[in-house]
There are 2 protein chains.
Amino acid sequence: MSQNKEITIYDIAKSLNISPATVSRGLKDHPAINKDTKKKIIDAAQKMGYRHNTFASNLRRQRTNILGVIVPRLNSSFTSDVIAGMEKTANEAGFNLVISQSLETMKKEVANANTMFNNRVDGLLVSLAYDTTDIQHLENFINKNIPVIFFDRVYDHEKCPSIKIDNYKAAYEITAHLISQGCKKIAHITGNQLRNVYQDRFNGYKQALADHAIPLNEKHVFINDLSGKAGAETAEKILYMNDRPDGVFSANDTCAINCMQVLMKNGISIPQDIAFAGFNNDPTSTIIEPNLTSVNYKGFEMGEVAARILIGHLNNNYDLQLTHTLMLRHELIMRDSSLRK
Amino acid sequence: MSQNKEITIYDIAKSLNISPATVSRGLKDHPAINKDTKKKIIDAAQKMGYRHNTFASNLRRQRTNILGVIVPRLNSSFTSDVIAGMEKTANEAGFNLVISQSLETMKKEVANANTMFNNRVDGLLVSLAYDTTDIQHLENFINKNIPVIFFDRVYDHEKCPSIKIDNYKAAYEITAHLISQGCKKIAHITGNQLRNVYQDRFNGYKQALADHAIPLNEKHVFINDLSGKAGAETAEKILYMNDRPDGVFSANDTCAINCMQVLMKNGISIPQDIAFAGFNNDPTSTIIEPNLTSVNYKGFEMGEVAARILIGHLNNNYDLQLTHTLMLRHELIMRDSSLRK
DNA sequence: CTGTTAGCGCATTCAA
DNA sequence: TTGAATGCGCTAACAG
């Protein structure tokens, strides 16, 4: 096994007494190529230990076969599922993923987008940071017709498809569930209303209340960063309230769980005194006692779908505009934290 | 802003009436370049909207500036911390990461390694799958002098540095801690002894027992895949034992937590009846009640260090052989699950 | 300090 | 169905 010398199509060509162009064609699905020639080429390539040089190919074809991914953070259960799904799909289609995290700040998101731009990714998969206000930093891509696809935390833009779940409906369902369990004063913990996921969930919550003739109590709406810390702080607030809620719907599980922990430490019974529901079906939902009712949606599948749409577009198999918004399925998982009956 | 035409160094050269070579140098830290010329070049590049073409550069330099990463799975708290650390370091050094997961099987690990090889990564960062028996699939790299660095789940190979923590010592400490809390019959749950992390932890446990004159009870050693399910099954076994342990040291937190849950549901008090300790300091350690004593080690830092060593080597700043094994710090975090006094 | 030149490996146009 | 020729954009000798 030679250590240093890479085999090229020229080497194969020489050994077979044919032209490099033919070898290049033989290695692909080129239509105009004799079957036998093709087989000969592939066999020789195999035997000589040829490996395709992506970079030369990229340079020549003016494509990189790289998909850029920008996520708020890599180390969350949901995100890593998404990435795993993307990796699988991309891999199968011969694409590589370059992944970066915004750490929930627009500033780093902008920097990441610029790096991706310079790296000439063929397309971009984006889930927005907590505080991103606009997508100026993605205009470079859009202007150059480099496809940008949003997932989960999306942005409404004519040229960019979105893949998400029906957050409004899920929130409606989970709120209605709490009501069906006898809750009459349901608090809501949510995040920055710039992000569709939190806005939609808030709206679903409000509509469910309205439909059941329950007035919205503004004191029972908590807007924060949905961190564990924020959950604990919310619990403190609830403890000091005259008019305590008898149910809490938190827009994510982390926040719900930390809130529950503090409440329980202070003698509140869940679900008897206060019922709880979260969102995301984090693995922690089944560790907290009582187990947390939540909304499950498949990150892995979302990753697969997002990558598939992007790759399909790049391969000109179908048009981005056709899939402007894609809604994936979700499911409500009822657990002890909300079951009072 | 033109949509289609990319600016090249030739365009800049022409507009400045200098040679492309000078432009190429000006854009880098080339030593032999006039300061003013450099500034002129950088300004022009900026103004003209130049972006560096990595692929042409790669082709020419015969380097890809891509680091391959193979991990057992992306969606674990520890791994995603590691990846985040690698991403940060790589990014700062102008390298990209291509990440893939073996899903804990050697078969996929082999496939991933081959893909990486064909993608011509400049170096490889690997944490081995659960059942990997040998590293034949990495010989391609080693033969070609493409550096391979192991982290966490390492393999002893003369040419491949390893980055890990002192699993032996950590396990020794945590076992000694349980003993100090009055435990006299400490069980151990561990994984495939092919993996250094589990073997070392097992050895540390055994040595701690020996040093405290506690005989090893083989019935109290459980070898499984350390999944949550395995933890629950282990709990069932413990429940049916005549001679129940009064302490459990699990080689990871997931398994410990599921085991605790089942035991508690069956009336066992923790830590009074059975004290518990895990490993990894998973976020779930502070959600389970009582909170789980565990060993903390910084995945983010491990990722940073691994990437830094690899990049340092690639840039010929230092030699791989010098850092054959690098041991990072760990810390024992004592929580209620083990504190009986 | 700067310029000239050549070629990294491939895919494609055009011609045969 | 195949071949010849070209250039994608850059960098590194080498020469000045």
Side-chain angles (χ1 to χ4, degrees), chain A residues 2 4-42 44-45 48-66 94 117-120 122 315-316, chain B residues 2 4-42 44-45 48-66 94 117-120 122 144 314-316:
Chain A
S2 73
N4 305 310
K5 182 82 168 302
E6 288 283 351
I7 305 295
T8 73
I9 53 171
Y10 291 95
D11 299 318
I12 299 177
K14 210 172 298 170
S15 91
L16 255 38
N17 256 317
I18 56 181
S19 83
T22 305
V23 176
S24 174
R25 292 182 185 113
L27 259 13
K28 310 251 165 334
D29 294 330
H30 195 95
I33 183 94
N34 184 296
K35 260 203 164 173
D36 296 341
T37 319
K38 180 171 171 177
K39 182 163 169 25
K40 256 197 322 198
I41 292 168
I42 288 178
M48 300 172 69
Y50 170 78
R51 9 179 227 167
H52 178 76
N53 188 320
T54 321
F55 304 94
S57 173
N58 285 345
L59 178 60
R60 178 58 228 241
R61 300 186 312 138
Q62 302 287 67
R63 269 185 58 176
T64 66
N65 270 41
I66 292 181
F117 189 63
N118 286 323
N119 280 335
R120 287 173 164 69
D122 283 344
N315 292 340
N316 274 321
Chain B
S2 73
N4 305 311
K5 182 81 169 302
E6 288 283 351
I7 305 295
T8 73
I9 53 172
Y10 289 95
D11 299 320
I12 298 177
K14 211 173 296 168
S15 91
L16 256 38
N17 257 314
I18 56 180
S19 83
T22 305
V23 175
S24 174
R25 293 183 187 113
L27 259 14
K28 311 249 167 333
D29 292 331
H30 196 95
I33 183 91
N34 184 294
K35 261 204 163 172
D36 295 342
T37 319
K38 179 171 171 178
K39 180 161 173 25
K40 258 196 323 201
I41 292 168
I42 289 179
M48 299 171 71
Y50 169 80
R51 14 179 224 165
H52 177 76
N53 188 321
T54 321
F55 305 94
S57 172
N58 285 346
L59 178 59
R60 176 59 228 241
R61 298 187 313 138
Q62 301 287 69
R63 271 185 54 177
T64 65
N65 270 38
I66 293 180
F117 189 63
N118 286 324
N119 279 335
R120 287 172 165 68
D122 283 343
K144 262 205 156 52
L314 290 171
N315 293 339
N316 274 320

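So you know, we letter chains A, B, ... as the sequences are listed, proteins then strands, and number each from 1.
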Listed by chain and number, what are the side-chain hydrogen bond (donor to acceptor under 3.5 Å, both in side chains) partners of [X], not counting sequence neighbours?
X      : answer
S57(A) : R61(A)
R60(A) : none
S15(B) : none
T64(A) : D122(A)

- Partners passing side chain to side chain contact (heavy atoms under 4.5 Å, CB included) against S24(B) (at least two apart in sequence or in another chain):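 Residues passing side chain to side chain contact (heavy atoms under 4.5 Å, CB included) with S24(B): I9(B).
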- Sequence neighbours excluded, which residues qualify as side chain to side chain contact (heavy atoms under 4.5 Å, CB included) partners of L59(A)?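 For L59(A) the side chain to side chain contact (heavy atoms under 4.5 Å, CB included) partners, ignoring immediate neighbours, are N53(B), A56(B), L59(B).
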- Task: Describe, as an angle rounded to 10 degrees, how the axis at the first end of the helix from dC1(C)-dG16(D) to dA16(C)-dT1(D) is tilted relative to the axis at the last end, five pairs per end.
- Result: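 Angle reported: 30°, given to the nearest ten degrees.
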- Query: After noting the C-alpha distance and the side-chain angles of L27(B) and H52(B), does the key distance pass the side-chain contact (heavy atoms from CB on, under 4.5 Å) rule?
  - Reply: CA-CA 9 Å; L27(B) 259 14; H52(B) 177 76; 6.0 Å; no
- Item | chain A contact limits on DNA chain C, taken 5' to 3' with a cut-off of 4.0 angstrom to heavy atoms |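 The protein-touched segment is dG9(C) to dT13(C).
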- What does nucleotides 10-15 of chain D look like as a protein-contact string, B for base, S for sugar-phosphate only, - for none, at under 4.0 angstrom between heavy atoms? BBBBB-
- Item | Partner residues of K14(B) under the salt bridge (Lys or Arg N to Asp or Glu O under 4.0 Å) criterion, sequence neighbours left out |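 Applying salt bridge (Lys or Arg N to Asp or Glu O under 4.0 Å) to K14(B) gives none.
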- Item | Rounded distance in Å - CG (D11(B)) to P (dC8(D)) |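 D11(B) atom CG is separated from dC8(D) atom P by 10 Å.
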- First encountered from the 5' end of DNA chain C, between P31(B) and L59(B):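 Going by which nucleotide is closer to the 5' end, it is P31(B).
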- Residues two or more places apart in sequence or in another chain: which of them pass ring-ring contact (aromatic ring centres under 6.0 Å, His included) with F117(B)?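 In terms of ring-ring contact (aromatic ring centres under 6.0 Å, His included), with neighbours along the sequence ignored, F117(B) is linked to F141(B).
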Please tabulate, one pair per line, all N/O donor-acceptor pairs under 3.5 Å involving side-chain atoms of residues 32-41 of chain A, not counting sequence neighbours.
| unit_1 | atom_1 | unit_2 | atom_2 | d |
| --- | --- | --- | --- | --- |
| N34(A) | OD1 | D36(A) | N | 2.6 |
| N34(A) | OD1 | T37(A) | N | 3.3 |
| K39(A) | NZ | D43(A) | OD2 | 2.9 |

